[in-house]
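Okay, structure first, notes after.
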Amino acid sequence: MKVSEALRALEAREARLLLAQATGLSEASVLAHPERELPADAEARFLEFAARRARGEPIAYILGMKEFYGLPLVVSPAVLIPRPETELLVELALHQGFGLALDLGTGSGAVALALKRHRPAARVVGVERSAAALAVAQGNARRLGLEVEFRLGLWFEPAVGERFDLVVSNPPYVREGDPHLGEGDVRFEPRSALVAGPDGLESIRAIVRGAPAHLNPGGRLLLEHGLGQDAEVRNLLRQSGLEDLDTWPDLAGIARVTGGGLKS
Ligand code: GLN
């Protein structure tokens with residue numbers, strides 16, 4: 001493939017990002033100097049990136065980077081690529097007062113790190129079942145200079161006997177066999193971060209079941225979920241004894257986060 005062909009096959013913004021990555025220049029510099037000749041090694045890198053993109057690989061995995069809530073995060077195929085709709089979860093969490101917060105299924109560490117950045121005095125714990133993902137989260141914490149306590153394990157297992165003011169999670173919530181799994185970026189993301197049983201609610205059920213024993217009086221649970229799952233998630237929270245149930249829409253108007261609290 002020639003550079004000119006590769007450029008035509010990419011969207012303008014993606015071409016700029018990949019050129020910047022291949023050359024080590026800023027996006028602005030790439031944009032300002034279209035006449036600049038590409039050194040041979042940068043050209044080879046750019047063509048490799050363009051070929052990977054043409055096979056559908058997410059731009060975030062090629063760059064190895066994704067911005068979330070203003071934080072530049074390293075991402076790899078071991079972690080879900082942080083989504084803009086998950087920023088709603090962070091925003092709602094930051095509206096709560098908390099001294100001790102737990103992020104379940106932290107992945108790249110996105111939610112836990114954003115909470116710590118904006119509540120530096122709080123203690124934030126992030127739990128992750130995948131050791132490879134946990135290593136990505138720990139690397140992000142180190143690079144960003146944010147002290148989040150990361151623990152390996154499934155949901156509340158590494159927090160036996162502990163209670164928190166706030167529990168947040170963006171768990172897997174896609175149904176097995178959902179056609180969405182065959183499209184776009186998600187084809188390259190870890191299935192374990194996306195799929196949660198035949199109705200997509202298996203992980204949410206496990207988290208809600210454990211929540212009352214891990215919340216302080218007056219503490220709250222906030223869960224991200226998928227389109228059309230909000231009524232069932234509220235039911236689960238109610239059955240678990242949580243109160244003050246609420247659901248919030250994301251920027252696309254889709255009911256995306258549901259929360260409830262333990263009586264104070
Ligand atoms: N929102 C993601 C998607 O639709 C799913 C992320 C998740 O399951 N937590 O691809």
Side-chain angles (χ1 to χ4, degrees), residues 53 56-62 66-69 71 73 75-93 101-115 126-130 132-134 136-137 140 150 153-156 166-211 221-234 236-237 247-260:
R53 186 67 191 124
E57 202 175 318
I59 198 96
Y61 288 159
I62 300 174
K66 175 76 184 180
E67 190 174 296
F68 177 80
Y69 218 83
L71 297 176
L73 297 174
V75 294
S76 80
V79 299
L80 189 83
I81 299 164
R83 309 277 203 273
E85 58 267 28
T86 304
E87 296 185 339
L88 171 66
L89 184 65
V90 173
E91 223 161 87
L92 293 166
L102 175 65
D103 175 24
L104 295 175
T106 196
S108 62
V111 171
L113 293 166
L115 294 182
V127 164
E128 172 57 51
R129 171 182 51 168
S130 152
L134 199 71
V136 173
N140 278 321
F150 288 111
L154 183 62
W155 309 134
F156 291 106
L166 176 69
V167 174
V168 294
S169 184
N170 170 24
Y173 53 71
V174 179
R175 276 182 296 112
E176 275 164 13
D178 189 316
H180 168 67
L181 294 166
E183 296 159 16
D185 284 4
V186 291
R187 291 171 298 168
F188 293 80
E189 293 180 297
R191 279 293 131 117
S192 56
L194 290 163
V195 180
D199 63 355
L201 290 166
E202 256 169 31
S203 300
I204 288 180
R205 268 188 217 102
I207 292 169
V208 172
R209 213 179 297 126
L221 169 68
L222 286 172
L223 290 173
E224 180 175 326
H225 52 71
L227 174 68
Q229 293 177 331
D230 56 302
E232 187 51 28
V233 173
R234 284 193 302 274
L236 292 168
L237 291 174
T247 294
W248 295 266
D250 64 18
L251 290 172
I254 294 169
R256 182 62 69 187
V257 175
T258 291

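Each ligand, and each atom within it, is numbered from 1 in the order the structure gives.
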> Which option out of His180, Arg83, Glu85 puts a heavy atom nearest to atom 4 (O) of ligand 1?
Replying inline: His180

> So, is Glu224 polar-close to ligand 1, with some N/O to N/O distance under 3.5 Å?
Replying inline: no

> Atoms of ligand 1 less than 4.0 Å from Pro172 heavy atoms?
Replying inline: 8 (O)

> For ligand 1, which atoms sit closer than 4.0 Å to a heavy atom of Val186?
Replying inline: 10 (O)

> Side chain or backbone of Pro171 under 4.0 Å from ligand 1, or both, or neither, by non-hydrogen atoms?
Replying inline: backbone

>> If you apply the rule side chain to side chain contact (heavy atoms under 4.5 Å, CB included), what do you find for Tyr173 with Val233, and how did you get there?
In response: CA-CA 11 Å; Tyr173 53 71; Val233 173; over 6 Å; no

> In Å and rounded to the nearest 0.5 Å, what is the CD to CZ distance from Gln229 to Arg234?
Replying inline: 12.0 Å

> For atom 1 (N) of ligand 1, which protein heavy atom lies nearest, and how many Å away is it?
Replying inline: Tyr173 OH, 2.9 Å

Pairs of donor and acceptor atoms involving the side chains of residues 181-201, under 3.5 Å and at least two apart or interchain, shall be tabulated with distances.
residue : atom : partner : partner atom : Å
Arg187  : NE   : Gly184  : O            : 2.9
Glu189  : OE1  : Arg83   : NH1          : 3.4
Glu189  : OE1  : Arg83   : NH2          : 2.9
Glu189  : OE2  : Ile81   : N            : 2.8
Glu189  : OE2  : Arg83   : NH1          : 2.9
Arg191  : NH2  : Leu181  : O            : 3.2
Asp199  : OD1  : Leu201  : N            : 3.0
Asp199  : OD2  : Arg205  : NH2          : 2.4

> Can you tell if the side chain of Ile204 reaches within under 4.5 Å of the side chain of Leu223, non-hydrogen atoms only?
Replying inline: yes

>> With nothing but distance in play, are any N or O atoms of Arg256 less than 3.5 Å from an N or O of ligand 1?
In response: no

> Going by heavy atoms in the side chains, are Val90 and Leu115 under 4.5 Å from each other?
Replying inline: yes

> At the 4.0 Å heavy-atom cut-off, does Ala193 count as touching ligand 1?
Replying inline: yes

> How long is the span from the CD atom in Glu57 to the CD1 atom in Ile62, to the nearest 0.5 Å?
Replying inline: 4.5 Å

>> So is Glu189 touching ligand 1 or not, going by heavy atoms under 4.0 Å?
In response: no

> CH2/Trp248 to CG/Leu92 distance, rounded to the nearest 0.5 angstrom?
Replying inline: 5.5 Å

